[in-house]
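Along the sequence shown, residues carry numbers from 1. These figures come from a predicted structure and were not determined experimentally.
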Amino acid sequence: MKRKSLHASPCAIARTLDCIGDWWTLLILRDAFKGIGRFNAIQKSLGIPRNILTARLRMLVDRGILAVGPATDGSVYQEYVMTERGQDLVPVLLALRDWGERHACARDDATAMDAVT
């Protein structure tokens with residue numbers, strides 16, 4: 001089933017969810033925040049299928065949330081990095097992590113939520 005687009009909604013939350021409202025996208029952003037920027041490294045970190053990762057990265061670049069730049073190690077590879085628009089999502093990621101630690105995980109599982117810190 002194809003998702004309904006919410007980009008024209010009068011609700012800012014709905015429009016935001018249209019951009020970043022699926023778990024793969026949020027996890028890609030988490031990895032970008034942690035400095036994981038190469039395609040293969042993101043795929044390995046998430047276990048995400050290549051076609052889904054390709055589509056999500058393309059969408060994030062098209063919407064100005066991520067940008068493609070040269071690899072920080074000077075190699076010929078490129079990396080995905082957060083733009084200023086992407087950096088503005090960091091408080092959202094931190095709030096999701098904090099909520100999850102308080103409400104979505106048992107105490108023993110809270111250490112598994114180290115993804116953003």
Trainee: Tell me, do D22 and R56 make a side-chain contact under 4.5 Å, heavy atoms counted?
Mentor: yes
Trainee: For residues M82 and I65, determine if any side-chain heavy atom of one lies less than 4.5 Å from a side-chain heavy atom of the other.
Mentor: no
Trainee: Suppose we screen for side-chain contact (heavy atoms from CB on, under 4.5 Å). Which residues come up paired with T54, at least two apart in sequence or across chains?
Mentor: F39, R58
Trainee: Take M59 and T25 through the test side chain to side chain contact (heavy atoms under 4.5 Å, CB included) and record every step on the way to the result.
Mentor: CA-CA 9 Å; M59 180 269 303; T25 300; 3.8 Å; yes
Trainee: According to side-chain contact (heavy atoms from CB on, under 4.5 Å), who are the partners of V92, at least two apart in sequence or on a separate chain?
Mentor: L89, L96
Trainee: Could you state the interatomic distance from CZ (R97) to CZ (F33), rounded to the nearest 0.5 Å?
Mentor: 8.5 Å
Trainee: May I have the list of side-chain donor-acceptor pairs in residues 69-76 shorter than 3.5 Å, sequence neighbours left out?
Mentor:
{"from": "D73", "atom 1": "OD1", "to": "R38", "atom 2": "NH2", "distance (Å)": "2.9"}
{"from": "D73", "atom 1": "OD1", "to": "S75", "atom 2": "N", "distance (Å)": "2.9"}
{"from": "D73", "atom 1": "OD1", "to": "S75", "atom 2": "OG", "distance (Å)": "2.7"}
{"from": "D73", "atom 1": "OD2", "to": "R38", "atom 2": "NH2", "distance (Å)": "2.6"}
{"from": "S75", "atom 1": "OG", "to": "R38", "atom 2": "NH2", "distance (Å)": "2.8"}
{"from": "S75", "atom 1": "OG", "to": "Y77", "atom 2": "N", "distance (Å)": "3.4"}

Trainee: Any pair with a residue in residues 80-91 that passes side chain to side chain donor-acceptor pair (under 3.5 Å), sequence neighbours left out, goes on the list, sorted by first then second residue, please.
Mentor: none
Trainee: Could you work out, with ring-ring contact (aromatic ring centres under 6.0 Å, His included) as the rule, every residue matching W24, not counting sequence neighbours?
Mentor: none
Trainee: For a 4.5 angstrom cut-off between non-hydrogen side-chain atoms, does I28 reach I48?
Mentor: yes
Trainee: Quick test of your reading: applying side chain to side chain donor-acceptor pair (under 3.5 Å), list the pairs with at least one residue in residues 41-50, sequence neighbours left out, ordered by first then second residue.
Mentor: D31-S45, N40-R50, Q43-R50
Trainee: Give the cluster check for V81 versus V61: same hydrophobic cluster or not, with ILVMFWY residues linked at side-chain heavy-atom distances below 4.5 Å.
Mentor: no
Trainee: Quick one: closest heavy-atom pair of L66 and A32, and the distance?
Mentor: CD2-CB, 3.9 Å
Trainee: With a 4.5 Å cut-off on side-chain heavy-atom distances among I, L, V, M, F, W and Y, is there a chain of contacts connecting W99 to I13?
Mentor: no
Trainee: To the nearest 0.5 Å, what is the distance between SG on C11 and CG on D18?
Mentor: 11.5 Å
